[in-house]
Trainee: 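The structure under discussion is supplied below as structure tokens; questions concerning it will follow.
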Protein chains: 2
Amino acid sequence: MATIKEVSELAEVSLATVSRVINNTAQVKPHTRIRVEEAMKKLGYRPNFIAQSLASNKSNTVGYVVPELHGSFFGSMLSGSEHILRKSSKHLFISAGHSNQQDEINAIDSLRDRRCDALILHLEAIEDDYLIELAKSGVKFILVNRHIDAIPQHCIGINNVHGGYIATKALIDQGHTNIGYISGSLWKVDAEERLQGHKKALQEAGIPFNADWLKEGDFQAASGYELASILLDNHPTLTALACANDEMAYGACNAIRERGLSIPEDISVIGFDDIEFSAFTYPRLTTIHYPTREIGEMAARWVLKNVYGQNHEVSTEIVSPYLVKRDSIASPTEK
Amino acid sequence: MATIKEVSELAEVSLATVSRVINNTAQVKPHTRIRVEEAMKKLGYRPNFIAQSLASNKSNTVGYVVPELHGSFFGSMLSGSEHILRKSSKHLFISAGHSNQQDEINAIDSLRDRRCDALILHLEAIEDDYLIELAKSGVKFILVNRHIDAIPQHCIGINNVHGGYIATKALIDQGHTNIGYISGSLWKVDAEERLQGHKKALQEAGIPFNADWLKEGDFQAASGYELASILLDNHPTLTALACANDEMAYGACNAIRERGLSIPEDISVIGFDDIEFSAFTYPRLTTIHYPTREIGEMAARWVLKNVYGQNHEVSTEIVSPYLVKRDSIASPTEK
DNA sequence: CTGTTAGCGCATTCAC
DNA sequence: GTGAATGCGCTAACAG
């Protein structure tokens with residue numbers, strides 16, 4: 001690979017001049033500019049990103065820590081960010097946190113070692129204090145899935161409590177009172193918040209919360225299947241199941257059908273997230289729309305504005321999810 | 001962030017010695033090693049990845065070009081690679097090719113600019129010649145979704161033809177002869193190969209290929225829905241639908257149900273890929289298992305072996321997908 | 001408008 | 001075992 005030096009020799013100018021035409025950092029006489037460009041072309045020259053980063057102390061890349069690379073949920077967030085950033089020629093460096101503290105810290109560190117200009121963090125295990133310290137130490141980052149009161153400007157909040165609330169409320173509004181709940185892993189803030197919303201809706205409707213009707217899953221379809229099976233077998237009076245995400249709702253639906261019950265005639269089901277496939281399940285899943293892609297985009301814009309000084313409209317206000325009515329909810333029938 | 005220089009001063013040794021303890025590149029007296037390590041710890045020193053890469057001319061990172069960041073298909077490939085590479089402390093730099101030639105070339109170039117030690121490429125638009133040139137120019141890369149005869153050592157082949165073949169054969173074996181086919185975008189090699197397999201199965205069974213029963217989709221659920229609708233409305237004699245991927249199969253199922261038909265009693269459906277959700281749809285989708293995660297892992301091992309000189313078992317032989325029988329296929333009923 | 005010079009933070013000879 | 005010196009490829013003052 002050709003270097004800037006070779007280009008400068010071929011074009012018979014100095015290193016600095018070549019650098020100038022590459023970065024458009026100062027006026028260059030049209031004639032010499034053309035000579036340089038021709039030389040670059042002739043040599044197939046491409047700037048060495050690494051060297052540029054070292055010399056300029058900026059990498060034009062933003063790091064993104066995501067729990068896992070698979071799954072439609074994280075994929076669309078990443079995709080949202082990527083599309084926004086690429087327009088500004090910023091690159092995304094993705095690292096997985098695997099939902100455990102050590103890996104998350106490693107991911108953040110390695111992103112910093114690489115001199116990422118900013119970080120977008122979707123964390124699950126690292127605790128607030130660590131992040132408050134991180135903010136103090138001057139690291140530029142935006143949190144996409146939680147709100148920390150001490151550093152609100154670093155958070156894009158999503159109102160999970162509200163989401164959990166309207167999900168259960170949708171069931172209650174249809175007349176359900178015996179509602180099972182399959183939560184996500186409760187040490188994850190989102191799971192905990194969604195459950196809070198569920199309880200709030202019950203309380204508001206004067207329905208006592210029944211701990212037996214709550215099962216803690218792990219956001220995977222398989223756990224939805226298993227827990228729904230347990231719930232259904234032990235509590236035949238249940239007429240509805242609220243699930244903390246769509247995947248678990250799919251699993252729950254399978255368990256329901258396996259018992260010869262129909263959805264929504266016998267059991268109503270509501271999910272959460274509104275992932276891509278939920279419009280294509282059978283029955284089409286009623287769920288809470290969680291604006292994953294938009295959050296990814298918003299995080300990217302936050303970075304563009306706050307780190308790269310671009311002019312963007314960004315709000316770190318709390319975004320509210322909303323109900324998407326489809327076919328998996330009906331009024332309870334007499335049993 | 002502390003630099004190696006500050007560490008050397010605090011430990012009262014030379015830069016070189018610090019570098020040696022960091023990289024374990026030569027013998028260092030235990031005593032001085034400890035002094036250096038203490039100094040590093042005290043300063044919270046972390047090596048500057050960028051500087052290391054520039055000086056050593058290797059980045060310990062492998063670039064991965066993927067069509068899109070969203071979608072469960074690519075997600076699990078990436079995840080497979082990431083898990084393997086992280087064990088060897090190699091990082092993954094992911095870039096999206098967006099299924100068009102310019103973006104794919106840009107992605108490759110930007111990965112090379114970053115001095116990625118190796119590339120894993122999942123391309124859709126770039127033509128063979130470009131890749132043959134790339135191989136000649138000494139770039140280390142492995143192709144994960146296509147086979148190019150001229151550079152077999154750079155390809156991890158998947159037998160898509162065979163997959164398409166066994167999918168349709170599964171239908172034929174159940175007694176179907178009137179089989180609609182919803183393909184992927186036919187300019188993509190995988191889509192084309194799967195269709196080839198479909199035709200081969202028909203031919204082998206002595207069933208003439210009917211061009212009216214073939215519709216070209218785009219691998220998205222929505223296209224499966226639309227095209228199945230057209231197929232069903234125009235050709236009521238069809239008893240089965242083969243789809244080039246699971247997403248389109250989901251869409252097709254919706255179209256079928258909308259017409260009051262049941263799956264598999266009235267219409268059998270088979271998908272392709274066996275993505276995570278297909279075990280949880282209703283009916284559970286019969287499909288062709290495409291070992292996405294394994295391919296990602298294999299590509300990573302190829303890199304570890306061929307680029308980093310590690311000892312790994314790697315075969316670039318053609319991997320064959322296989323049939324996963326679930327509930328969306330039955331024998332055709334009289335109409 | 002253009003050239004010279006000095007680093008960026010580190011790895012890597014080559015001496016001692 | 002350890003230190004001094006050189007350079008990776010480029011940017012960024014500073015002159016001119």
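Quick note: numbers below take in every heavy atom, side chains included, and nothing from hydrogens, waters or symmetry partners. Every chain is numbered from 1 and lettered A, B, ... according to where its sequence line falls, protein lines coming before strand lines.
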Trainee: Checking K188(B) against F219(B): charged group under 6.0 Å from the ring centre and within 45 degrees of the axis?
Mentor: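 Relative to the ring axis of F219(B), which defines the angle, K188(B) lies outside at least one limit.
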Trainee: Roughly, in whole Å, what's the span from CG in N60(A) to P in dT11(D)?
Mentor: 11 Å
Trainee: Return the value, rounded to whole Å, for the distance between atom CZ of R46(B) and atom P of dG9(C).
Mentor: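 Rounded to the whole Å, the gap is 16 Å.
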Trainee: Is there a side-chain contact between N23(A) and the phosphate of dT11(D), meaning an N or O under 4.0 Å from OP1 or OP2?
Mentor: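 Yes, N23(A) has a side-chain N/O under 4.0 Å of OP1/OP2 on dT11(D).
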Trainee: For S19(B), report the nucleic acid contact type (base, sugar-phosphate, nothing); a contact means any heavy atom under 4.0 Å.
Mentor: base
Trainee: In this structure, how many angstroms lie between the P atom of dT2(D) and the CZ atom of R33(B), rounded?
Mentor: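 Checked: the CZ to P distance equals 10 Å.
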Trainee: So among E124(A), E104(A), E68(A), which one has a side chain to side chain donor-acceptor pair (under 3.5 Å) with H98(A)?
Mentor: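 So, applying the side chain to side chain donor-acceptor pair (under 3.5 Å) to H98(A) and each of E124(A), E104(A), E68(A), only E68(A) qualifies.
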Trainee: Can you measure L15(B) atom CG to dT13(C) atom P for me and round it to whole angstrom units?
Mentor: 16 Å
Trainee: From dA12(D), dG9(C), dG7(C), pick the nucleotide closest to the side chain of A16(A)?
Mentor: dA12(D)
Trainee: Do D103(A) and R86(B) meet the salt-bridge criterion of a basic N to acidic O distance under 4.0 Å?
Mentor: yes
Trainee: Side chain of R20(A) only, please: which of dC8(C), dC14(D), dC10(C) is the nearest?
Mentor: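 So the side chain of R20(A) is nearest to dC14(D).
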Trainee: When you match A51(B) and A26(B) each to their closest nucleotide on DNA chain D, which lands nearer the 5' end?
Mentor: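 Result: A26(B).
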Trainee: Using a heavy-atom cut-off of 4.0 Å across all strands, would you classify T32(A) as base, sugar-phosphate, or nothing?
Mentor: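 Contact class for T32(A): sugar-phosphate only.
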Trainee: Taking the side chain of L54(B) as its heavy atoms from C-beta onward, which of dC10(C), dG1(D), dC8(D) lies nearest to it?
Mentor: dC8(D)
Trainee: From C-beta outward on T17(B), which listed nucleotide comes closest to its side chain: dC10(C), dA12(D), dG3(D)?
Mentor: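 Selected nucleotide: dG3(D).
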Trainee: Counting side-chain heavy atoms from CB outward, which of dG1(D), dT4(C), dG3(D) is closest to S14(A)?
Mentor: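 The nucleotide sitting nearest to the side chain is dT4(C).
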Trainee: Base, sugar-phosphate, or nothing: which does V18(A) touch, judged by heavy atoms less than 4.0 Å apart?
Mentor: nothing
Trainee: When you measure from the side-chain N and O atoms of Q52(A) to the phosphate of dG9(D), is any distance below 4.0 Å, counting only OP1 and OP2?
Mentor: no
Trainee: Using whole Å, report how far CD1 of I34(B) lies from P of dG1(D).
Mentor: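 In whole Å, dG1(D) P and I34(B) CD1 are 14 Å from each other.
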Trainee: Quick one: label N57(B) by what it contacts on the DNA or RNA (base, sugar-phosphate, nothing), any heavy atom closer than 4.0 Å.
Mentor: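 Result for N57(B) = nothing.
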Trainee: Please work out which of the three classes, parallel, tilted or perpendicular, describes the rings of F93(B) and F93(A), given edges at 30° and 60°.
Mentor: perpendicular
Trainee: Thinking salt bridges, do K42(A) and E38(A) make one under a 4.0 Å N-O criterion?
Mentor: no
Trainee: Roughly how many Å is it from NZ in K5(B) to P in dG3(D), rounded to a whole number?
Mentor: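 The distance from NZ of K5(B) to P of dG3(D) comes to 15 Å, rounded to the nearest Å.
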Trainee: Measure from the side-chain heavy atoms of S56(B) and tell me the nearest of dA11(C), dC10(D), dC14(C).
Mentor: dA11(C)
Trainee: Using the ring of each side chain (for Trp, its six-membered ring), is H154(A) parallel, tilted or perpendicular to W302(A), with breaks at 30° and 60°?
Mentor: tilted
Trainee: Let me know the distance between NZ of K58(B) and P of dG9(C), rounded to the nearest Å.
Mentor: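 Atom NZ in K58(B) sits about 22 Å away from atom P in dG9(C).
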Trainee: Reckon F49(A) touches a base, only the sugar-phosphate, or nothing at all at heavy-atom distances under 4.0 Å?
Mentor: nothing
Trainee: Of the candidate nucleotides dG3(C), dC1(C), dC10(D), which contains the atom at the shortest distance from the side chain of K29(A)?
Mentor: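 The nucleotide sitting nearest to the side chain is dC1(C).
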Trainee: Expressed as a whole number of angstroms, how long is the span from E9(A):CD to dG3(C):C1'?
Mentor: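 After rounding, the gap between these two atoms is 14 Å.
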